[in-house]
Student: 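Let me give you the structure first, and then I'll get to my questions.
Position 1 is the first residue of the sequence, and the numbers go up from there.
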Amino acid sequence: MPITFQSLLTNKSLLKAVVEQGYTEPTPIQQQSIPYILNNRDVMARAQTGTGKTAAFALPLLQRLSAQRQANQGIKVLVLAPTRELAQQVFKSFEYYGKYTEISMALAYGGVSIKPQIAALNAGAEVLIATPGRLLDHLVNGSLSLQYLETIVFDEADRMLDMGFKDEITRILQCIPEQRQTLLFSATFDDAILQLSHKLLEDPHRIEIDERNSAASDVEQIVYTVDEDRKRELLSYVIGSKNWQQVLIFTRTKQAADELAKEMCKDGIKAKSLHGDKSQGARDKVLADFKSGKIRALVATDVAARGIDIVDLGYVVNYELPYVAEDYVHRIGRTGRAGKNGLALSLVSPSEEWLLTAIEKVIDERLLQQWLPGYEPDLTKKEAPKRAVNKKKARSQALQKRNGATRRKR
Ligand code: AMP
């Protein structure tokens with residue numbers, strides 16, 4: 001018998017919201033985690049964004065809170081997310097799923113005034129979604145207490161560690177009850193995550209969602225080998241000739257994102273950039289314009305793009321391959337979400353081939369390199385003298401850069 005939402009959840013208000021969202025059946029991560037979370041077990045799940053993992057923890061936690069309905073004692077559920085975008089996304093999901101319940105929720109992230117957040121917390125919230133840095137600001141200020149916390153969720157825990165939030169996590173743990181439920185969601189289970197999980201979780205139920213099995217699996221991957229100085233021309237040609245709308249494009253740096261967006265506008269493709277140097281207001285506006293279709297191409301850095309959830313996003317382009325190979329997985333996970341088809345196009349210059357090799361190792365798959373007629377790399381061209389790239393150093397600098405960017409943005 002197929003597992004249905006009705007067999008997993010009893011709360012009518014939540015079921016109504018799920019139906020309104022158009023979900024017909026629970027995704028594998030939802031099927032496997034909801035019963036354990038309802039039973040108060042610690043859960044450790046390996047699942048990418050796009051698999052439906054937010055509902056996998058939001059729905060059972062909301063059901064439990066609805067059942068309690070006692071005098072408001074403060075925050076009972078805390079969700080920690082590595083970036084503002086993901087925090088906003090998770091908050092929206094909680095709001096959607098909980099729209100027919102009376103559960104109060106608050107959102108706290110850095111880069112914006114703390115005052116409205118304090119007011120929202122003072123008004124009483126049972127669920128708080130926060131980024132680690134701003135949460136600590138609130139704890140230090142005394143604007144919130146976590147003494148009645150029942151459940152803490154670490155969303156995209158691998159990313160949190162990559163971004164250097166280990167100390168923040170340790171400090172947050174000192175402010176919450178030892179007796180609690182802990183849920184950890186991560187795209188990868190590497191050594192750092194396993195170490196953290198020993199510290200955080202007690203006898204966790206472990207779930208591993210096979211990517212092939214997940215909602216994010218239907219992504220076609222195409223690689224075009226092209227000279228660096230012809231990438232933009234090729235990209236504008238592909239977007240124009242294939243009439244792609246809503247294209248998310250990744251660059252490694254903020255400067256590259258700005259420049260590419262400008263140049264694409266000159267090619268007649270409405271594009272804007274999204275990165276950590278923009279104010280929160282500007283980032284929200286760009287995202288809203290992209291989602292509503294006012295902007296056709298969004299050129300983003302990895303940190304800024306984390307957590308972007310656009311239903312039906314059809315195209316992701318790796319204009320520059322990431323120095324951290326795992327980011328490739330996160331990038332292409334922006335498309336092909338929840339069972340929809342998606343296409344990930346990577347433009348690889350000859351000097352980036354070592355990055356492609358690193359990616360192939362991570363995804364355990366060979367990616368066929370193709371030439372787009374008219375844009376073949378010029379093999380007679382003398383390549384610019386190769387700057388010796390220390391591969392390990394490039395990766396570690398990229399990680400550090402993200403880390404620094406996050407701290408500055410807090
Ligand atoms: P997430 O992995 O939580 O970021 O979710 C990715 C996308 O899947 C979001 O757009 C959700 O609205 C959608 N989604 C979550 N659960 C389901 C489901 N059971 N059926 C269809 N779509 C879903």
Student: Please answer whether the main-chain N or O of Ser349 pairs with a side-chain N or O of Glu352 as donor and acceptor at a distance below 3.5 Å.
Tutor: yes
Student: Would you find a donor on one side and an acceptor on the other, under 3.5 Å apart, between the side chain of Ser292 and the backbone of Ala288?
Tutor: yes
Student: Does Glu202, at its CD atom, have more than 12 non-hydrogen atoms belonging to other residues, nucleotides or ligands within less than 6.0 Å?
Tutor: no
Student: Mark yes or no for whether Glu320, through its side chain, and Arg252, through its backbone, hold a donor-acceptor pair below 3.5 Å.
Tutor: yes
Student: With salt bridge (Lys or Arg N to Asp or Glu O under 4.0 Å) as the test, would you mind laying out the steps for Arg232 and Asp267 before giving the verdict?
Tutor: CA-CA 9 Å; Arg232 199 211 76 242; Asp267 290 341; 2.9 Å; yes
Student: Can you see which heavy atom on Arg283 is nearest to which on Lys278, and at what distance?
Tutor: CD-O, 3.4 Å
Student: Passes ring-ring contact (aromatic ring centres under 6.0 Å, His included), Tyr375 versus Tyr224? Steps please.
Tutor: CA-CA 9 Å; Tyr375 295 90; Tyr224 284 142; 8.8 Å; no
Student: When you check the side-chain N and O atoms of Gln63 and Thr10, is any donor under 3.5 Å from an acceptor?
Tutor: yes
Student: Just by distance, do the side chain of Glu263 and the backbone of Leu260 share a donor-acceptor pair under 3.5 Å?
Tutor: no
Student: Charged N to carboxylate O below 4.0 Å: is that the case for Lys76 and Glu150?
Tutor: no
Student: Taking the six-membered ring of Phe290 as reference, does the cationic atom of Lys272 (NZ for Lys, CZ for Arg) lie under 6.0 Å from its centre and within 45° of its axis?
Tutor: no
Student: Report the relative orientation of the aromatic rings in His205 and Tyr36; use parallel for angles under 30°, tilted for 30 to 60°, perpendicular for over 60°.
Tutor: parallel
Student: Has the side chain of Ser143 got a donor or acceptor atom that lies under 3.5 Å from a matching backbone atom of Ile118?
Tutor: no
Student: So among Leu149, Leu183, Leu61, Leu62, which one has a side chain to side chain contact (heavy atoms under 4.5 Å, CB included) with Val77?
Tutor: Leu61
Student: Locate the shortest heavy-atom distance separating Arg84 from Gly111; write the atom from each residue and the value.
Tutor: NH1-CA, 3.3 Å
Student: For the residue pair Trp244 and Tyr315, categorise the inter-ring angle as parallel (less than 30°), tilted (30 to 60°) or perpendicular (more than 60°).
Tutor: parallel
Student: I'd like to know whether Asp289 forms a side-chain contact (heavy atoms from CB on, under 4.5 Å) with Ile295, so could you lay out the CA-CA distance, the side-chain angles of the two residues, the decisive distance to 0.1 Å, and finally the verdict.
Tutor: CA-CA 6 Å; Asp289 285 351; Ile295 296 170; 3.4 Å; yes
